There are 2 protein chains.
Amino acid sequence: MAEATIRDVARKAEVSVASVSRALSGAANVSAETKERIARAVSELGYIPHAGARSLSHGRTHAIGVVLPDLHGEFFSEIVRGMDREASANDYLLLLSPMHGGGRQATTALRAMRGRVDGLLLMAPHIAPEELRGALPANLPAVLINTRSSVGRTSIRLDNAAGMRAVVAHLLAQGKRHFVHLRGPAGNLDAQERADAITDALDAAGLRPIFMPGNFEESGGHAAIRQLVADGTRFDAVIAANDMMAIGALTALRQAGVEVPRTVAVTGFDDVPLARHLDLTTVRVRIADLGAEAIVRLLAELGGERPSEEQLHQPELVVRRTTEEPS
Amino acid sequence: MAEATIRDVARKAEVSVASVSRALSGAANVSAETKERIARAVSELGYIPHAGARSLSHGRTHAIGVVLPDLHGEFFSEIVRGMDREASANDYLLLLSPMHGGGRQATTALRAMRGRVDGLLLMAPHIAPEELRGALPANLPAVLINTRSSVGRTSIRLDNAAGMRAVVAHLLAQGKRHFVHLRGPAGNLDAQERADAITDALDAAGLRPIFMPGNFEESGGHAAIRQLVADGTRFDAVIAANDMMAIGALTALRQAGVEVPRTVAVTGFDDVPLARHLDLTTVRVRIADLGAEAIVRLLAELGGERPSEEQLHQPELVVRRTTEEPS
DNA sequence: CTGTTAGCGCATTCAG
DNA sequence: CTGAATGCGCTAACAG
């Protein structure tokens, strides 16, 4: 048999559907006895309201669409966890639509959300602003995360510059003067901002770093450092664009017999669990909080607030043994 | 202005809504010219079909509900990734509803899915079968993952016993004879099965392990081993119920100056990325594949197949340095 | 307090 | 090939 509908309940309780709807919506004006009869009918029929129909009529879905690019494990689960924490605390469900490709995929993913969600969370560090503007449904509140341009929407970005400034200041305080920066992949916004911040901060101290290309992966960091060592290049600090490259660098330095941090200090970015285990100095990004913040902003807009300007999420320097001798 | 509806498109193209619907549904019978006019109207209005309304009418949502308990990062992202891979390949969206609590929360989470999804993926290693049966909408196809009882639904389970049997056999082959097992949380199905399998496998060898309570967390493994060492208990192998506890155990052993694996061997379960870095012998669970398998089963049921019996997902022993000296 | 009715946006008969 | 009408399940006026 098909699932019971509100009409079945009404019939069984011998009242109108309107009364059932009211009774179930909680507080309206329904006599105690009617309420009682309805409750009994509901439980006898095992009635469960049809959320889809309710949305169509009510105009609200109580769901939030989340469109994410392919993220490596750590980041993905953390940000979704933060979003969920905040969303379910407010009785919202999360509709996930990871996009596996570039522009066209994003458009498809966004279109599929029409009529299913009240608002959108979009993370797209690699999509051009024009494409974004075209793909975003005009009437749908949306919060952008780490996106190149806010195209008039609320957006939350990681403050990469602040993080790297803290790293540079810390290393300078340790007496380091010859810097190497292991870059993230070309075209990646975070990577670009991190590199720029390092350049600026060192420039202020009258220094210039050596730049090595990288890819956010362990192997890239390892290869870069091995090459520098083989070339006999002199340096006393390695600032990697993320933790995984820093870890690769540590391995390469250890294999070369270089003392860390005395001869060469090493820093990462992200604070993945591995970083703590390896005692890597890094910049901690509270990813889950970032996700939660995005939900909070979105809910505020759903509640009627105006989209706010760009917001920066502050990371935090975590000093460990790859830059500072234990005392 | 509100979003354009199918009626706006019909008006602009000077045809009926039925024709628009047909034209958009792809292949039906529509003249080329009509199709052309509709296409133009659609793009001029920026019309996007309303998925919610379509679902209500069509009776299919093209979405799959995913109800998961609170999972630690690694596991969560991996299983969702696998599910997404398979789901989006078949044009299904994932509606996430993590449940943060026990029975009542699960019921709520499941009820919220009514009318929003075509099928359900439910992972609930800690919920009693009776509660489950009551909470699951009768007409909704569902695949259960690591659940205590299949209550007549398709279910996929991890073959914990096979994994632990492989661990025990390996350790016995290394000459180990005095076993400690760091258990998972009480009431957790996986934890129970792992403990039972160890007991059985050792029993066959005429041995009995020491059981220590645990919680699947690093701190628990650390505390347990520290206590054993403090008590002067003798043992030469630690089988942790998961990787994180094994990692805690490793730390405790190192702090106590115990040689691994010569004096004490250590094994985990899961093969989280950290395990590889720490060279931990463990049982690899291909979590993403497990999630993908669940989707495949569910899609088959949505396609009309009968629910299949219980299916076991095989994990795989990965031997590393915490049980075997490098040669 | 309660029942009737009209949509929400779309797919789908059934006639033309 | 096309249009008018009906209903998916529910909520929200509007009358009683």
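So that the names make sense, note that chain A is the first sequence line, chain B the second, and so on, each numbered from 1. Since we're looking at a predicted model, the values are computed, not measured.
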- request: Could you check whether Val15(B) gets within reach of a base, just the sugar-phosphate, or nothing at all, counting any heavy atom under 4.0 Å?
  value: sugar-phosphate

message: Counting the atoms with a prime plus P, OP1 and OP2 as sugar-phosphate, which does Thr5(A) contact under 4.0 Å by heavy atoms, base, sugar-phosphate, or nothing?
response: sugar-phosphate

- request: State whether Arg40(B) and Glu36(B) are salt-bridged, where the test is any N-O pair (Lys NZ or Arg NE/NH1/NH2 against Asp/Glu carboxylate O) under 4.0 Å.
  value: yes

- prompt: Between Leu121(B) and Ile295(B), which heavy-atom pair has the shortest distance, and what is it?
  reply: CD2-CD1, 3.5 Å

message: Side-chain N or O of Ser21(B) versus OP1/OP2 of dT12(C): is the shortest distance under 4.0 Å?
response: no

- prompt: Taking the side chain of Ala53(B) as its heavy atoms from C-beta onward, which of dG9(C), dC10(D), dT2(C) lies nearest to it?
  reply: dG9(C)

query: Which nucleotide sits closest to the side chain of Leu56(A): dA4(D), dC8(C), dC10(C)?
result: dC8(C)

Nucleotide nearest Arg7(A) when distance is taken to its side chain, options dT2(D), dC1(C), dC10(D): dC10(D)

- prompt: Are Asp8(A) and Arg11(A) ion-paired here, with the side-chain N under 4.0 Å from a carboxylate O?
  reply: yes

message: I'd like to know if Arg37(A) and Glu33(A) make a salt bridge, using a cut-off of under 4.0 Å between side-chain N and carboxylate O.
response: yes

field: Tyr47(A) side chain, from C-beta outward: closest of dC10(D), dA11(C), dG9(C)
entry: dC10(D)

field: Heavy-atom donor-acceptor pair, Arg114(A) side-chain to dG9(C) base, under 3.5 Å
entry: no

query: Which nucleotide sits closest to the side chain of His58(B): dT13(C), dG9(C), dA11(C)?
result: dA11(C)

task: Output the single nucleotide from dC1(C), dT13(C), dT4(C) whose closest atom is nearest the side chain of Ser16(A).
output: dT4(C)

- request: Indicate, with a heavy-atom threshold strictly under 4.0 Å, whether Ser55(A) touches base, sugar-phosphate, or nothing.
  value: nothing

